[in-house]
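Since the structure comes first, as structure tokens, the remarks are kept for the end.
These numbers come from the heavy atoms of this one structure, side chains and all, not from hydrogens, waters or symmetry mates.
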Amino acid sequence: MDELASRPPASGPASVSRRGVLRAATVSAAAVGAAGLLGAPAAAHSGPAHGRRRVPADRISIQLYTLRDQLAADLPGTLAALRRIGYRRVEHAGYVGRTAAEFRAALDDAGLRATSGHVGIPQPFDPDAWEQVLADTNTVGCRYLVHPWFGLDTEGRPIRDPERYRALARDLNRAGRLAERAGLRFGYHNHQLEFVPLTDGRTGFEILAAETDPRLVHFELDLFWTWRGARDPVDVIRAHRGRIRQVHVKDMDHNASFADLGDGLIDFGRIFGYAREAGIEEYIVERDDAGTPPRAPADALDTARVGYAYLASLRY
């Protein structure tokens, strides 16, 4: 399944589209306390930052899910536009109907490198199927491979059974061990659902952090969805030093929906002040609704331009 069209859940027989996830997120936001996060001190911009630290330009990336409609319509043209904006690296979410080799060739032609990719681990776990994913990932030339989605049951409700998260942690360790043997770093990408209280009082994120091997599984912290889960990303970083190797950088408007970087409420400079503590190696621009009505597909390129310029100019 091409992830530019759909991102299935990591377990359960039913698939859930990304737009379905967004609808579910809107419904569940109040349940996890997201309505109150906008009043938290860390969620508000403190004005232009003028520190000496900056985001290294060669570590700025973009999640291609942001441009899924543009890529489907014109893969070479969209990739070339990203390179003109200044991007040198991207994170893929599927191969846009191409083989791994064909997708790599398109990236090469545009002067881009896919350093990371989103691919869900097989559920139930299938080592042979995962080995093929790893082979394709190496063909594309990625350094990182990230499991993108978990947290809803087959009826679209947040998973609250701790055993489901413990089982996922075991599979993530298995996937990470095989990825390490293939020369890849394996990570897990969160949404807000990992912060929903479980029946034993813990959260799924706490279980995943405690029961995955730090040598095999790192976290790609989505800063937007972490806030939507009513968690301060700085607190998450402090609790999991060295495990946040990648971050998805997306902004939040006053309705707790998506915004282009710098137009919303999240103080990224404050968060990036803990980059060394976190272990951040990639800053990945993303906007989940960049081509979704009422926005037009071409608006995704504006999101890409604004995102790159914001990260390149940020001082903190």
Side-chain angles (χ1 to χ4, degrees), residues 1-18 21 63-65 91-104 107 113-154 159 161-191 193-194 204-222 240 242-246 281-282:
M1 180 180 294
D2 192 328
E3 293 217 34
L4 286 172
S6 174
R7 292 192 182 188
S11 67
S15 64
V16 179
S17 72
R18 184 62 175 267
V21 172
Q63 167 53 251
L64 293 183
Y65 184 80
E91 180 178 59
H92 77 73
Y95 302 142
V96 201
R98 274 69 168 181
T99 66
E102 290 168 342
F103 187 70
R104 171 66 181 272
L107 291 169
R113 180 187 174 197
T115 55
S116 183
H118 274 197
V119 181
I121 60 175
Q123 294 284 274
F125 192 74
D126 181 339
D128 293 335
W130 187 240
E131 292 278 12
Q132 183 57 58
V133 168
L134 299 176
D136 287 343
T137 301
N138 275 322
T139 295
V140 173
C142 296
R143 182 183 185 189
Y144 307 96
L145 183 61
V146 180
H147 180 82
W149 162 248
F150 187 76
L152 290 179
D153 63 21
T154 57
I159 292 171
D161 180 1
E163 290 305 314
R164 293 285 300 278
Y165 277 96
R166 295 190 69 193
L168 175 63
R170 290 191 292 270
D171 284 344
L172 292 175
N173 283 330
R174 296 174 70 185
R177 187 170 294 107
L178 292 175
E180 182 184 48
R181 293 174 184 172
L184 297 164
R185 293 183 173 185
F186 179 64
Y188 180 87
H189 170 273
N190 68 284
H191 288 80
L193 296 164
E194 290 85 353
F205 197 93
E206 289 172 335
I207 291 175
L208 295 179
E211 300 196 16
T212 55
D213 187 335
R215 298 168 299 178
L216 302 176
V217 182
H218 70 271
F219 291 105
E220 180 180 74
L221 195 67
D222 189 300
H240 307 290
R243 294 198 69 180
I244 316 296
R245 292 183 180 167
Q246 300 167 281
E281 299 173 352
E282 282 198 316

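- In this structure, R113 has no side-chain hydrogen bond (donor to acceptor under 3.5 Å, both in side chains) partners at least two apart in sequence or on a different chain.
- When the salt bridge (charged side-chain N to carboxylate O under 4.0 Å, His left out) test is applied to R104, the partners found at least two apart in sequence or on another chain are D108.
- Sorted by first and then second residue, the pairs that involve residues 173-184 and meet salt bridge (Lys or Arg N to Asp or Glu O under 4.0 Å), not counting sequence neighbours, are D171-R174.
- Among residues at least two apart or in separate chains, salt bridge (Lys or Arg N to Asp or Glu O under 4.0 Å) pairs with a member in residues 204-213 are R166-E211, D213-R215.
- Side-chain contact annotation: T212 with R243, donor-acceptor N/O pair under 3.5 Å present.
- Y165 is linked by a side-chain hydrogen bond (donor to acceptor under 3.5 Å, both in side chains) to nothing, counting only residues two or more places apart in sequence or in another chain.
- Shown here are the salt bridge (charged side-chain N to carboxylate O under 4.0 Å, His left out) partners of R143, two or more places apart in sequence or in another chain: there are none.
- Partners of F205 according to the ring pair (Phe, Tyr, Trp, His ring centres under 6.0 Å) rule, which considers only residues two or more places apart in sequence or in another chain, are F195, F219, H240.
- For R185, the side-chain hydrogen bond (donor to acceptor under 3.5 Å, both in side chains) partners at least two apart in sequence or on another chain are E281.
- Scanning for side-chain hydrogen bond (donor to acceptor under 3.5 Å, both in side chains) contacts around T137 gives an empty result, with sequence neighbours left out.
- Shown here are the side-chain contact (heavy atoms from CB on, under 4.5 Å) partners of A210, two or more places apart in sequence or in another chain: there are none.
- The closest side-chain donor-acceptor pair between Q132 and D128, if any, does not fall under 3.5 angstrom.
- Under the rule for a side-chain contact (heavy atoms from CB on, under 4.5 Å), the partners of A179 that lie at least two apart in sequence or sit in another chain are L134, L184, F186.
- With hydrogens and angles left out, the side-chain atoms of Y188 and E194 include a donor and acceptor closer than 3.5 Å.
- Using a 3.5 Å distance cut-off with no hydrogens or angles, the side chains of H191 and D222 do not pair a donor with an acceptor.
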